[in-house]
Amino acid sequence: MRNWKTLVSESFRELDELLEFCEIEPSQTGIENSPEFLLRVTRYFASLIEKGNAQDPLLLQVLPDVQELQIIDGYSKDAVGDHLCMPVPGLIHKYQGRVLLTLTGACAIHCRYCFRRHFPYNESDTDYHANGQVMRYLSEHRDVSEVILSGGDPLMLSDQKLANLIGSLNQIPHIRVLRIHSRLLSVLPERINQSFLEILQQFNGQIVFVTHINHPNEISGPNQAVFNLLSQQGYRLFNQSVLLRRVNDNSQILEELSNKLFASRIVPYYLHRLDKVQGAAHFDVSRKESCRIYKQLRERLPGYLLPAMVEEIPGQSSKTPVLCD
Ligand SMILES: *Cc1c(COP(=O)(O)O)cnc(C)c1O
Ligand code: SF4
């Protein structure tokens with residue numbers, strides 16, 4: 001198997017190359033490369049885009065759009081209030097019992113709707129060594145039992161860095177669960193190689209994976225093989241999606257997604273309403289429409305395949321369920 005870092009470096013970063021690969025004429029799209037959030041797509045993800053379809057739901061997630069440049073009331077740069085909840089750099093402690101580490105700003109794919117697109121990531125990776133501030137905070141907070149690895153994408157970190165992190169976490173007995181939120185699991189399945197699997201086995205507690213898949217077309221043979229492998233090794237897998245206009249704002253597509261996740265041993269976890277981040281307003285689905293879609297979804301799916309529809313409201317002590325009557 002090819003080295004995953006080579007595959008990252010071979011990702012599409014040029015619009016014309018991506019469009020050529022997808023057999024789409026630039027004139028079919030309303031695009032403009034945004035200088036602050038450049039295009040980036042893995043070749044695997046691009047291979048799942050339907051050729052010649054400028055409205056493809058996977059393409060729309062990664063294609064820069066002039067609408068991103070609009071400044072719209074109510075859409076801010078820190079839509080979820082993360083800046084206010086960082087007791088030490090790289091560690092967000094908003095909810096009881098669990099903290100989130102933003103380990104790196106890097107991702108293998110740039111999702112246009114991303115709420116972290118304006119986030120002031122450290123240029124270098126977070127300091128997580130045993131004597132660092134993050135580990136000190138975790139040791140001192142005995143009520144924290146779960147550490148969530150996030151980013152950017154935590155699996156952009158080298159195996160060595162992940163191994164060091166797990167070694168440090170093993171020193172803190174009250175950390176019982178390590179949760180890895182990653183889009184690489186689905187967009188760069190080669191990342192889950194033998195060396196990574198061996199590192200996971202070093203962790204003393206339980207490991208949970210959360211994939212980020214928005215549309216059933218994002219699942220195919222290669223990433224399904226990875227989900228099966230992780231599941232066979234005893235790790236639990238959950239998925240979160242974002243409800244996105246023109247991508248998955250349709251109960252039939254979401255139903256198909258839940259069923260395909262289930263067939264891949266992944267439990268649907270959250271369906272997020274879009275965070276109101278500047279540059280992403282054109283992906284928003286209104287509250288009324290979200291509820292209409294969700295009600296239909298609830299009728300179509302068994303309860304265990306229905307993700308919870310939630311939104312993130314700054315200052316709240318958990319994700320907030322979207323209440324539909
Ligand atoms: C979403 C989030 C979590 C995890 O919330 P769960 O409901 O447990 O999935 C934890 N910390 C932060 C800062 C978050 O944004
Ligand atoms: S943090 Fe996640 S949603 Fe945002 S660009 Fe990276 S992979 Fe996409």
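For ligands, and for the atoms within them, numbers begin at 1 and follow the listed sequence. Along the sequence shown, residues carry numbers from 1.
Around the CD atom of Gln233, the shell of radius 6.0 Å holds more than 12 heavy atoms that belong to other residues, nucleotides or ligands. In the displayed structure, Asp73 atom CG is contacted under 6.0 Å by at most 12 heavy atoms of other residues, nucleotides or ligands. Lys288 NZ: 12 or fewer foreign heavy atoms inside a 6.0 Å radius. By the 6.0 Å contact criterion, OH on Tyr75 is enclosed, its count of non-hydrogen atoms from other residues, nucleotides or ligands being greater than 12.
By the criterion of a heavy-atom distance under 4.0 Å, the side chain of Arg179, and not its backbone, is placed next to ligand 1. The side chain of Ile148, and not its backbone, has at least one atom closer than 4.0 Å to an atom of ligand 1 (non-hydrogen atoms only; side chain from C-beta on).
Atoms of ligand 1 found under 4.0 Å from any heavy atom of Tyr270, numbered from 1 in the order shown, are 6 (P), 7 (O), 9 (O). In summary, the atoms of ligand 2 found under 4.0 Å from a heavy atom of Gly152, numbered by their order in the structure, are 1 (S). Annotation for ligand 1: atoms under 4.0 Å from non-hydrogen atoms of Tyr269 are 6 (P), 7 (O), 8 (O), 9 (O). For ligand 1, the atoms sitting less than 4.0 Å from at least one non-hydrogen atom of Arg98 are 5 (O), 6 (P), 7 (O), 8 (O), numbered in the order shown with element in parentheses. For ligand 1, the atoms closer than 4.0 angstrom to any heavy atom of Ile92 are 13 (C). Distances below 4.0 Å separate heavy atoms of Ile109 from the following atoms of ligand 2: 5 (S), 6 (Fe), 7 (S), 8 (Fe).
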For this session: Go through the steps for Glu255 and Gln296 under the test side-chain hydrogen bond (donor to acceptor under 3.5 Å, both in side chains), then give the verdict.
Result: CA-CA 9 Å; Glu255 178 193 9; Gln296 286 179 352; over 6 Å; no
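Closest heavy-atom approach to atom 6 (Fe) of ligand 2 within the set Gly105, Ala106, Cys107: this belongs to Cys107. Nearest to atom 7 (S) of ligand 2 by heavy atom, out of Met156, Gln61, Arg183, is Arg183.
Partners of Arg292 by salt bridge (Lys or Arg N to Asp or Glu O under 4.0 Å), not counting sequence neighbours, listed by chain and number: Glu289. With sequence neighbours excluded, the residues that form a disulfide bond (SG atoms under 2.5 Å apart) with Cys291 are Cys324.
Among the backbone and side-chain atoms of Cys114, an N/O/S atom is found under 2.8 Å from atom 4 (Fe) of ligand 2. Under 2.8 Å from atom 8 (Fe) of ligand 2 lies no N/O/S atom of His212, from backbone or side chain alike.
Under a 4.0 Å heavy-atom criterion, Glu312 is in contact with ligand 1. Using a 4.0 Å cutoff on heavy atoms, His93 does not count as a contact of ligand 1.
Relative to the six-membered ring of Tyr95, Lys319 misses at least one condition, a distance below 6.0 Å or an angle of at most 45° to the axis.
Of the N or O atoms in Tyr95, none lie within a sub-3.5 Å distance of an N or O in ligand 1. In terms of polar-atom proximity, defined here as any N/O pair under 3.5 Å, Lys319 does make such a contact with ligand 1.
Ring to ring, Phe238 and Phe209 are not that close: their centroids are 6.0 angstrom or more apart. Here the two rings, on Phe45 and Phe12, have centers that are 6.0 Å apart or farther.
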